[in-house]
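For reference, the structure discussed in these notes is given below.
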Amino acid sequence: MRGRPKFAAMVDGTGAIGPRNWRGHLLRARTERWARARIEEIRSGRSDAPPGPARTVATHRDAEGRLLDVKTAGVELINLLRPTVANARYVVFAAMALHENPHWAEALRAADADTRQRFAWEVRRAYPFIPFIGGRVREPFEWRGHAFETGDWALMDLYGTNHDPGRWHAPERFDPDRFRTEAIDPFDLISHGGGSATDGHRCPGEGLTQTLLVTAAHLLATSMRYELPPQDLTLDLAYIPARPRSGCVLRGVRAV
Ligand code: HEM
């Protein structure tokens, strides 16, 4: 609809070059206007928005008691909403994982909380979302004979690290039970970046993603039945954020 935010299309334009990226920028400008209007409505009392991200951002005051300027508040609102919508891609990967490993659909129906966590970790390890991220070198270092100088651009291979045979046993196998014996280190399961979210740039939304994914996988396995019609579920790692070529089409969805 004209003038309404299109978060899913913005997510899809994240890693693109060319028209998909230009569309992402266009939608971004439109969405920023939409977000600024929501902030202004809340501040002027014209909105009945319930407590939640928009109201929290609109009424947030800094240490000096000042509200955020409207532009920054709008951007912060988008920074919360867009990655939350991005989690839909993990719901697609959870549906794929259940389709490709049907015994796990059965197992999840009787699973305890720990097993559901392990399933969600394994979806995040096994399926790509952002295959790699770029960053600038802050301090020179050498790695396997390659010198990195301050300011150089470097790519971190998130998908490759999540599939490193030196770290993971049978990395190509979808196996949530691996986490019964393999402890997670902040530098190996890195779908959301490496290190710490507190004093580094690791994604602060990782816990939210994990919780949404646990819930979505549980609902897919226990609260509904559906079929997957013939489709192309191959993953294109050059399409960022990655997605199966056909999406993941569910047919005959019914509640149980
Ligand atoms: C679809 C699930 C998500 C994935 C795959 C994801 C992935 C990432 C990655 C790879 C980074 C960069 C980490 C780095 O530079 O080392 C990042 C940063 C960030 N993410 Fe997420 N994210 C997701 C969901 C979310 C959610 C739900 C939120 C908040 C509601 C969020 C907020 C952020 C923010 C604010 C940063 C910047 C952190 C910083 O630079 O300090 N993300 N995310």
Using atom types as modelled and distance alone, determine if a side-chain donor or acceptor of Ser246 lies under 3.5 Å from a backbone N or O of Cys248. no

Value rounded to 0.5 Å, distance of CG in Leu158 from CG in Leu189: 10.5 Å

Identify whether Val123 and Leu212 are in the same connected component of the hydrophobic contact network (ILVMFWY, side-chain heavy atoms under 4.5 Å). no

Assess the residue pair Asp188 and Glu182 against the criterion (side-chain contact (heavy atoms from CB on, under 4.5 Å)); give the C-alpha distance rounded to whole Å, side-chain angles, the decisive distance to 0.1 Å, and a yes or no. CA-CA 11 Å; Asp188 46 28; Glu182 297 183 52; over 6 Å; no

ILVMFWY cluster membership beyond Phe187 - transitive side-chain contacts under 4.5 angstrom: none

Can you list every salt bridge (charged side-chain N to carboxylate O under 4.0 Å, His left out) pair that touches residues 129-141, not counting sequence neighbours? none

What are the two closest heavy atoms between Ala35 and Gly74, and how far apart are they? CB-O, 3.6 Å

Distance in Å, Asp157 CG paired with His163 NE2, rounded so as to fall on 0.5 Å steps: 10.0 Å

Ring centre gap for Phe179 and Phe119 strictly below 6.0 Å: no

Checking Glu206 now: which residues fulfil side chain to side chain contact (heavy atoms under 4.5 Å, CB included) with it, not counting sequence neighbours? Arg124, His192, Arg202

Quick test of your reading: applying salt bridge (charged side-chain N to carboxylate O under 4.0 Å, His left out), list the pairs with at least one residue in residues 90-99, sequence neighbours left out, ordered by first then second residue. none

Grouping I, L, V, M, F, W and Y whenever their side-chain heavy atoms are under 4.5 Å apart, do Leu108 and Met224 come out in a common cluster? yes

Closest approach of Tyr159 to Tyr127 (non-hydrogen atoms, all atoms of both residues): CE1-C, 4.3 Å

Please check if Tyr239 and Val249 belong to a single hydrophobic cluster, counting links between Ile, Leu, Val, Met, Phe, Trp and Tyr side chain heavy atoms closer than 4.5 Å. no

His169 NE2: over 12 foreign heavy atoms closer than 6.0 Å: no

Indicate yes or no for a side-chain donor-acceptor contact from Asn87 to the backbone of Pro83 under 3.5 Å, with no hydrogens or angles considered. yes

For residues Glu40 and Val70, determine if any side-chain heavy atom of one lies less than 4.5 Å from a side-chain heavy atom of the other. yes

Which residues pass the side chain to side chain contact (heavy atoms under 4.5 Å, CB included) test with Asp177, sequence neighbours left out? Trp104, Arg118, Asp175, Arg180

Should Leu67 and Asp62 count as side-chain neighbours, where that means a heavy-atom distance under 4.5 Å? no

Distance col, row Thr215:OG1 vs Leu220:CG, nearest 0.5 angstrom, shows 11.0 Å

Measure the shortest side-chain to side-chain distance between Asn162 and Ser191 over non-hydrogen atoms and say whether it is less than 4.5 angstrom. yes

Report yes or no: does His60 contribute a side-chain atom to a donor-acceptor pair with the main-chain N or O of Thr56 at less than 3.5 Å? no

Between Met96 and Leu219, is there a shared hydrophobic cluster once you connect ILVMFWY residues whose side-chain heavy atoms come closer than 4.5 Å? yes

Within-4.5 Å side-chain heavy-atom neighbours: Ile78 and Arg28: yes

May I have the step-by-step check of side-chain contact (heavy atoms from CB on, under 4.5 Å) for Arg109 and His218, ending in yes or no? CA-CA 7 Å; Arg109 280 178 207 128; His218 184 63; over 6 Å; no

Which pairs with one or both residues in residues 212-230 pass salt bridge (charged side-chain N to carboxylate O under 4.0 Å, His left out), sequence neighbours excluded? Glu227-Arg254

Could you tell me if the ring centre of Tyr90 sits under 6.0 Å from that of Phe129? yes

Can you sort out the partners of Glu122 under side-chain hydrogen bond (donor to acceptor under 3.5 Å, both in side chains), two or more places apart, ordered by chain and number? Arg125, Arg178

For Pro171 and Pro165, the nearest pair of non-hydrogen atoms, with its separation, is CG-CA, 3.9 Å

Ignoring hydrogens and geometry, is there a side-chain-to-backbone donor-acceptor pair from Thr72 to Leu68 under 3.5 Å? no

What's the spacing between Phe174 CZ and Leu98 CG if we round to 0.5 Å? 7.5 Å

Applying side chain to side chain contact (heavy atoms under 4.5 Å, CB included) to Asp48 and not counting sequence neighbours gives none

Contact between Thr115 and Pro176 at the side-chain level, heavy atoms closer than 4.5 Å - yes or no? no

Is there a side-chain contact between Leu155 and Ile133 in this structure, where contact means two heavy atoms from C-beta onward sitting under 4.5 Å apart? no

Taking salt bridge (charged side-chain N to carboxylate O under 4.0 Å, His left out) as the cut-off, I'd like each qualifying pair that reaches into residues 84-104, sequence neighbours left out, listed once. Asp12-Arg89

Looking at Leu80 and Pro53, what are the two nearest heavy atoms and their distance? CD1-CB, 4.1 Å

Just jot down the side chain to side chain contact (heavy atoms under 4.5 Å, CB included) partners of Glu149, sequence neighbours excluded, or say none. Pro140, Ala147, Asp152

When you group the ILVMFWY residues by side-chain heavy-atom contacts below 4.5 Å and let the links chain together, are Trp168 and Ile190 in the same group? no

Should Leu233 and Arg245 count as side-chain neighbours, where that means a heavy-atom distance under 4.5 Å? no

Can you tell me how far NE2 of His146 sits from CZ of Phe141, rounded to the nearest 0.5 angstrom? 8.5 Å

For His103 and Asn101, what are the C-alpha separation, side-chain angles and deciding distance, and is it a side-chain contact (heavy atoms from CB on, under 4.5 Å)? CA-CA 6 Å; His103 61 288; Asn101 308 276; 3.9 Å; yes

With the side chain counted from C-beta on, respond yes when Ile39 and Val57 share a heavy-atom pair under 4.5 Å apart, and no when they do not. yes

Main-chain N/O of Val214 paired with Gln117 side-chain donor or acceptor, under 3.5 Å: no

Passes side-chain contact (heavy atoms from CB on, under 4.5 Å), Phe93 versus Leu235? Steps please. CA-CA 10 Å; Phe93 294 142; Leu235 286 164; 3.7 Å; yes

How about Thr161 and Asp164: does a side-chain donor come under 3.5 Å of a side-chain acceptor? no

Applying side-chain hydrogen bond (donor to acceptor under 3.5 Å, both in side chains), name anything that partners Arg251, two or more places apart in sequence or on another chain. none

Partners passing side-chain hydrogen bond (donor to acceptor under 3.5 Å, both in side chains) against Arg46 (at least two apart in sequence or in another chain): Ser44

dist Arg82:CZ -> Leu77:CG (nearest 0.5 Å) comes out at 12.5 Å

